[in-house]
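Please read these numbers as outputs of a predicted model, since none were measured by experiment.
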Amino acid sequence: MAMALWWDLGNMVMTLRFGGFVLWAVLMILAFLAKNGWKVWGLYLLISLFFYLLIFLGKTTDTFL
């Protein structure tokens, strides 16, 4: 959703629906194939923090939101 802050919202919604499903499927497969669950949790937290940072930067640079 961070990209929707910078580009057209209508186009981004369709892209995010497909991209979100692909990301969900890859992370779900990774969770079942990993030997160490703590590494998977760490990876999920890093990905979440990265996307949170993108949203935070998008809100700070766009003064209309």
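- Under the side chain to side chain contact (heavy atoms under 4.5 Å, CB included) criterion, Ala34 pairs with Val40, sequence neighbours left out.
- In this structure, the side chain to side chain contact (heavy atoms under 4.5 Å, CB included) partners of Leu53, at least two apart in sequence or on a different chain, are Leu57.
- The hydrophobic cluster containing Leu23 also contains Leu30, counting ILVMFWY residues as joined when their side-chain heavy atoms lie under 4.5 angstrom apart, directly or transitively.
- Listed by chain and number, the hydrophobic cluster partners of Ile29 are Leu33, where partners are ILVMFWY side chains within reach of under 4.5 Å, directly or through others.
- Cluster partners of Leu46, using a side-chain heavy-atom cutoff of under 4.5 Å among ILVMFWY residues and allowing indirect links: none.
- Heavy atoms from other residues, nucleotides or ligands lying under 6.0 Å from OH of Tyr44 number more than 12.
- Phe18 and Ile47 are members of different hydrophobic clusters when ILVMFWY side chains are connected at heavy-atom separations under 4.5 Å.
- Here Leu49 contributes atom CG and Phe51 contributes atom CZ; the two are 11.5 Å apart, rounded to the nearest 0.5 Å.
- Scanning for side chain to side chain contact (heavy atoms under 4.5 Å, CB included) contacts around Trp24 gives Phe21, Met28, with sequence neighbours left out.
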